[in-house]
Structure formats: structure tokens, C-alpha cells
Amino acid sequence: MKPINEMKLSFESRSCNEAFGRSAVASFIAVLDPTVEEISDIKTAVSEAVTNCIVHGYKENIGTVYIHVKIFEGARVVITIRDRGCGIPNVKKAMEPLFTTCETGERAGLGFSIMDSFMDKLKVRSKEGKGTTVTLEKTIVSKGN
């Protein structure tokens, strides 16, 4: 199915850009008139995915984070967030609640669980040394649609 609107965005994997990515996605989908809860859920999931790119995908390096958002008939939103970082050796294990590769104790290991709970669908694909792609889907069911 062909999207009725879409946008692509890329930026450096710096912590200060996480809010930019989240806000850009929220602004783009505002045309669907989401509720505060719907927009909050999407912003939180996008934040988690972008943070994973920055903290885990590129670790100590600066790379590029790619976001592609598509809006389909019926107010279905598909958001793809991708990096070309180190990749995830075991996606199934990484998606378990409380699993983290962070050795400093600063990360709770809940990123994928949060994304999954706030979105209708979550898909994670990854190849070691090639990067990770997270696809988030949500249908906006607010009063405007």
C-alpha cells in the first residue's frame, strides 16, 4: 500500500539530537490530530529507539541516525529508525525486559519493552557490524480520525 504522506530525516548520533528526532516525528504526524496520550506514546517510543542508536548502536562513535515516517490510509503510522552501528548479536535476548549490554548500570534494559507497550507493532532487525532497524507502527484512533 502506498503512503499518503512520508518524510525522511537523518542526524548525527549525539544525545542532544534525541529530542529533535522525537519532536520532528511528533510534528509530522500532528496532521492526524492524535490525542495527547497517542502523541506521548509515539514520542516515548521514538525516544527509546533513537537513544538505542546513540548509546548502543554507535557506542563511543558518532554515526548517523535515520528516521523514515509514513502515514497510510486509516491514520496508520509506520516509523522506521535505523543506524549503521555495531548491530545486535541476539535480537531475541536484547528484547527481553531488563536485558542490557550497558556495564555502567546506567541503563535499565527496558527500551524495547517500552516501545512494544506504547505501539501497536514493533519489529527489530539487526546484523552484527551492519546496524539495526526498528520499525514502530501505530494507528491513530483519536477524535479527528
Side-chain angles (χ1 to χ4, degrees), residues 1-15 17-102 106-142 144-145:
M1 181 186 298
K2 186 177 177 180
I4 57 174
N5 198 10
E6 66 184 300
M7 72 102 170
K8 293 182 181 182
L9 173 69
S10 63
F11 51 86
E12 288 189 337
S13 62
R14 299 181 186 278
S15 296
N17 289 334
E18 178 270 325
F20 169 68
R22 173 185 67 223
S23 297
V25 171
S27 295
F28 183 73
I29 64 169
V31 68
L32 298 173
D33 194 25
T35 64
V36 171
E37 183 178 356
E38 287 170 328
I39 200 72
S40 178
D41 289 353
I42 290 170
K43 287 170 71 174
T44 300
V46 168
S47 290
E48 292 294 335
V50 170
T51 297
N52 279 355
C53 294
I54 295 167
V55 172
H56 300 292
Y58 292 115
K59 297 186 181 185
E60 302 298 320
N61 302 314
I62 299 298
T64 303
V65 177
Y66 304 88
I67 299 179
H68 187 183
V69 184
K70 297 177 184 179
I71 297 174
F72 294 90
E73 290 289 334
R76 186 171 63 99
V77 179
V78 178
I79 305 161
T80 304
I81 301 166
R82 180 174 58 90
D83 67 60
R84 292 185 178 147
C86 65
I88 302 170
N90 184 338
V91 172
K92 186 176 179 181
K93 181 76 174 166
M95 292 181 75
E96 291 178 4
L98 304 177
F99 177 82
T100 183
T101 58
C102 179
E106 295 176 13
R107 303 288 167 192
L110 294 172
F112 287 129
S113 295
I114 290 169
M115 287 180 241
D116 191 39
S117 68
F118 288 150
M119 302 301 286
D120 297 336
K121 290 183 185 176
L122 166 67
K123 181 178 179 183
V124 180
R125 292 179 304 144
S126 190
K127 287 191 176 184
E128 281 190 89
K130 300 287 184 183
T132 301
T133 300
V134 172
T135 304
L136 307 165
E137 290 189 35
K138 188 169 191 80
T139 299
I140 304 301
V141 293
S142 67
N145 297 302

- Give the minimum heavy-atom separation between P34 and I29, together with the two atoms involved. CD-O, 3.7 Å
- Is there a side-chain contact (heavy atoms from CB on, under 4.5 Å) between K121 and T135 once you walk through the steps? CA-CA 8 Å; K121 290 183 185 176; T135 304; over 6 Å; no
- Message: Nearest 0.5 angstrom please: D33 CG to I140 CD1, how far?
- Response: 9.5 Å
- Please confirm whether the backbone N or O of C53 pairs with a side-chain atom of Y58, one donor and one acceptor, at under 3.5 Å? no
- Item | M7 side chain reached by V25 side chain, heavy atoms, under 4.5 Å | yes
- Message: Return the OG to NE2 distance between S126 and H56, rounded to the nearest 0.5 Å.
- Response: 12.0 Å
- Counterpart residues, side chain to side chain contact (heavy atoms under 4.5 Å, CB included), relative to S47 (two or more places apart): E18, R22
- Item | side chain to side chain contact (heavy atoms under 4.5 Å, CB included) partners of F118, counting only residues at least two apart | D41, T44, I114
- Message: Listing request: all ring-ring contact (aromatic ring centres under 6.0 Å, His included) pairs with a residue in residues 19-43, at least two apart in sequence or in separate chains.
- Response: F11-F20
- Message: Nearest 0.5 Å, please: how far is CD in E38 from CG in L32?
- Response: 9.0 Å
- Look only at the side chain of D120 and the backbone of T139, and say whether a donor-acceptor pair between them is shorter than 3.5 Å. yes
- So CD of E48 and CG of L136: to nearest 0.5 Å the spacing works out to 10.5 Å
Sequence neighbours left out, cut at 3.5 Å: what donor-acceptor pairs do the side chains of residues 67-89 make with other protein atoms?
from : atom 1 : to   : atom 2 : distance (Å)
H68  : NE2    : E6   : OE1    : 2.6
R76  : NH1    : E137 : OE1    : 3.1
D83  : OD1    : G85  : N      : 2.8
D83  : OD1    : T132 : N      : 3.2
R84  : NH1    : Y66  : OH     : 3.0

